[in-house]
2 protein chains.
Amino acid sequence: MSRHKILIVEDEPVIAENISLYLDNNDFEVSGIAYDAAEAFDQLKTNTPDAVILDINLESDHSGIDIAQHINQRYQLPFIFLTSYADKNTLERAKQVKPDGYIVKPFNERTLLASLEIAISNYAERKNHGLPGLSMDKLNRYLHTPFSDREFEIVCLVYQGMTNSQIAEMVFISQNTVKTHLKNIHLKMDANTRLEVINNLRNLMLK
Amino acid sequence: MSRHKILIVEDEPVIAENISLYLDNNDFEVSGIAYDAAEAFDQLKTNTPDAVILDINLESDHSGIDIAQHINQRYQLPFIFLTSYADKNTLERAKQVKPDGYIVKPFNERTLLASLEIAISNYAERKNHGLPGLSMDKLNRYLHTPFSDREFEIVCLVYQGMTNSQIAEMVFISQNTVKTHLKNIHLKMDANTRLEVINNLRNLMLK
DNA sequence: CCTGCATTCACCCCAACGGGTGATTTTTAT
DNA sequence: ATAAAAATCACCCGTTGGGGTGAATGCAGG
């Protein structure tokens, strides 16, 4: 697991350096520091950060929120906001660009660290919506009664939209057996139809 | 826009009260305070919070992470973690249950406020009518034959897992009409079942 | 006017799904 | 060795879904 590369966008050099040092000492790599929006756009183009820390209140023409929009449009990276003060309007605008975290100065450094970690892992999770993102371990953490190997295999096929007979054919068992497994899956997931199963899975994976 | 109801799960009465007061003064409604896991489970059942603030390190048998799992399984509510200390293992476990925010004590109260707001709005966004970011315009760009208003309305409900009779009830038309619309939707989307429709939609939304 | 188009609904048929019950075999763990 | 869990399959029955056909209404634009 290589260190995650972070871009810091912060016009206050002291704070920026501070964060940079702290990240460097805690398994992150600082891919760059941008002191204004222009530099931020530049760094986004040349570097390939895994996440961005964005000060909302930059002293330049662009606010951090504009940069966030740019990130959403162009790079689809996770970012967290950093601010010393946010009025209702700013907070409203900040919410609209869907940040992956929000931290108010003065902040505990562990807050930043935890927020970053969670932002990155949640973001990675959101990117893998297909089946590949869902491991049996991950799924079982959300269930009262864990799935068996077979059940997991079948629930994946259900998720892909397979019918019982298609599943039966693929897994080399009878349709009756598929139905039995599905029945147990319904019980374990507290669902009544395969559509509920699929919705539950999607909700769990999005979390 | 009514005040969002928050459940606080925190074994330290002083902190819990503190948060409660602060939220109350800032457009939130505290639906309850739980001082241990049992109370938390109880409150989750009886109250209907919009979000939960969870202390990770409870002094009881259950940790906040267990409660988080319970929330994921049963209630699918947004929650944010609150902690005074988190080692690597705890943080790892915390990440796995996909919190919607993470705050380290001592925290700036505005941090809490912003995190809560963002957690709730992001969560609503994710749940939001099934088709996050998919407008009829956007969808129609991918179709040979565009959808009518009614068809779009119905396809959204299908995507959410509604049955034909449920849709009929919601839209105030007969099940036969729903079937007719769905038939046309199948044609336009080149699908044979509602599950294929759902899969197609999901694929389209991911560009 | 009248021609599309959207919307509404009916009826038939069969395949698929979900619930219930019960049973056998294989695998795993103690 | 034996008990527990997992996996296999069968049969019944009622509900739902999907395909086909047909048709009435209302509304907008040429």
Side-chain angles (χ1 to χ4, degrees), chain A residues 134-203, chain B residues 130 135-203:
Chain A
L134 183 63
S135 70
M136 192 167 132
D137 278 355
K138 216 171 292 176
L139 174 56
N140 278 342
R141 274 193 285 277
Y142 296 98
L143 298 173
H144 323 64
T145 319
F147 275 179
S148 70
D149 291 341
R150 202 50 148 180
E151 284 165 351
F152 183 71
E153 191 178 0
I154 287 173
V155 88
C156 286
L157 296 171
V158 168
Y159 184 83
Q160 288 167 2
M162 302 288 169
T163 68
N164 288 349
S165 57
Q166 285 173 323
I167 295 170
E169 205 177 326
M170 300 184 75
V171 188
F172 303 108
I173 56 180
S174 86
Q175 296 183 30
N176 289 313
T177 308
V178 176
K179 286 177 68 171
T180 302
H181 285 306
L182 204 44
K183 224 175 325 185
N184 294 326
I185 290 169
H186 286 162
L187 278 176
K188 291 182 181 180
M189 291 194 69
D190 191 29
N192 294 313
T193 70
R194 64 214 293 118
L195 281 174
E196 286 181 43
V197 168
I198 291 171
N199 270 332
N200 286 349
L201 285 176
R202 204 175 28 230
N203 284 336
Chain B
S135 65
M136 194 169 129
D137 280 353
K138 194 169 169 187
L139 173 56
N140 278 341
R141 255 172 262 142
Y142 296 97
L143 299 173
H144 314 66
T145 317
F147 275 179
S148 71
D149 290 342
R150 202 50 148 180
E151 284 165 353
F152 185 70
E153 191 179 1
I154 287 173
V155 87
C156 286
L157 296 172
V158 168
Y159 185 82
Q160 289 169 44
M162 302 289 169
T163 67
N164 287 348
S165 57
Q166 285 173 323
I167 294 171
E169 206 176 327
M170 300 183 77
V171 187
F172 302 110
I173 55 181
S174 86
Q175 296 183 31
N176 290 313
T177 308
V178 175
K179 286 178 69 172
T180 302
H181 285 306
L182 204 43
K183 223 177 322 184
N184 295 326
I185 290 169
H186 285 163
L187 278 176
K188 291 183 181 180
M189 292 194 68
D190 190 30
N192 294 312
T193 71
R194 64 214 292 119
L195 283 175
E196 286 181 43
V197 168
I198 291 170
N199 271 333
N200 286 347
L201 284 175
R202 202 172 32 227
N203 287 335

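The chains referred to below are lettered A, B, ... by the order of the sequence lines, with proteins before strands, and numbering in each begins at 1.
For the pair A:Arg150 CZ and D:dC9 C1', the interatomic distance rounds to 13 Å; values are reported in whole Å. When the C1' atom of C:dC5 is taken as reference, atom CD of B:Glu151 falls 11 Å away, rounded to whole Å. Computed from coordinates, the B:Arg194 CZ to D:dT16 C1' distance equals 9 Å when rounded to whole Å. To the nearest angstrom, P of C:dC9 lies 14 Å from CG of B:Asn164. For the pair B:Ile198 CD1 and D:dG17 P, the interatomic distance rounds to 11 Å; values are reported in whole Å. The CD-P distance, from A:Glu196 to C:dG18, rounds to 10 Å in whole Å. Between the C1' atom of D:dC9 and the CD1 atom of A:Ile154 lies a distance of 13 Å, rounded to the nearest Å.
Against DNA chain D, the stretch residues 183-192 of chain B makes heavy-atom approaches under 4.0 Å through B:Lys183, B:His186, B:Asn192. Near DNA chain D, meaning a heavy atom under 4.0 Å from it, residues 166-177 of chain A has A:Ile173, A:Ser174, A:Asn176, A:Thr177 in order of number.
Looking at every heavy atom in both residues, B:Tyr159 comes nearest to A:Asn199 through O-OD1, 4.1 Å.
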Reading nucleotides 25-30 of chain C from the 5' end, what letters show protein touch, with B for base, S for backbone sugar-phosphate only, - for no heavy atom under 4.0 Å? ------
Worked verdict on A:Leu195 versus B:Ile198 for side chain to side chain contact (heavy atoms under 4.5 Å, CB included): CA-CA 10 Å; A:Leu195 281 174; B:Ile198 291 170; 3.4 Å; yes
The test is side chain to side chain contact (heavy atoms under 4.5 Å, CB included); show your working for A:Ile167 and A:His181 and say whether it passes. CA-CA 11 Å; A:Ile167 295 170; A:His181 285 306; over 6 Å; no
Check step by step if side chain to side chain contact (heavy atoms under 4.5 Å, CB included) holds for B:Val197 and B:Val155. CA-CA 8 Å; B:Val197 168; B:Val155 87; 3.7 Å; yes
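Residue contacts shown for B:Thr180 include a base, since a base heavy atom lies under 4.0 Å away.
A donor-acceptor contact shorter than 3.5 Å links the side chain of B:Gln166 to the backbone of B:Thr163. Judged by distance alone, with hydrogens and angles left aside, the side-chain atoms of B:Asn164 form no donor-acceptor pair with the main-chain N or O of B:Lys179 at under 3.5 Å. Under a 3.5 Å cut-off, the side chain of B:Glu151 and the backbone N or O of B:Ser148 do form a donor-acceptor pair. Remark: side-chain polar atoms of B:Arg194 are paired, donor with acceptor, to backbone N or O of B:Met162 under 3.5 angstrom. A:Lys188 places no side-chain N or O within 3.5 Å of a backbone atom of A:His144 that could act as its donor or acceptor partner. Without hydrogens or angle criteria, B:Asn192 side chain to B:His186 main chain gives no donor-acceptor distance under 3.5 Å.
Side-chain N/O atoms of A:Thr177 and A:Thr180 include no donor and acceptor closer than 3.5 Å.
For A:Ser148 and B:Leu182, each mapped to the nucleotide of DNA chain D holding its nearest heavy atom, the one lying further toward the 5' end belongs to A:Ser148.
Taking only distance into account, the side chain of B:Lys179 never meets the base of D:dG17 through a donor-acceptor pair shorter than 3.5 Å.
At D:dT8, one or more side-chain N or O atoms of A:His181 fall inside 4.0 Å of OP1 or OP2 (strictly under the cut-off).
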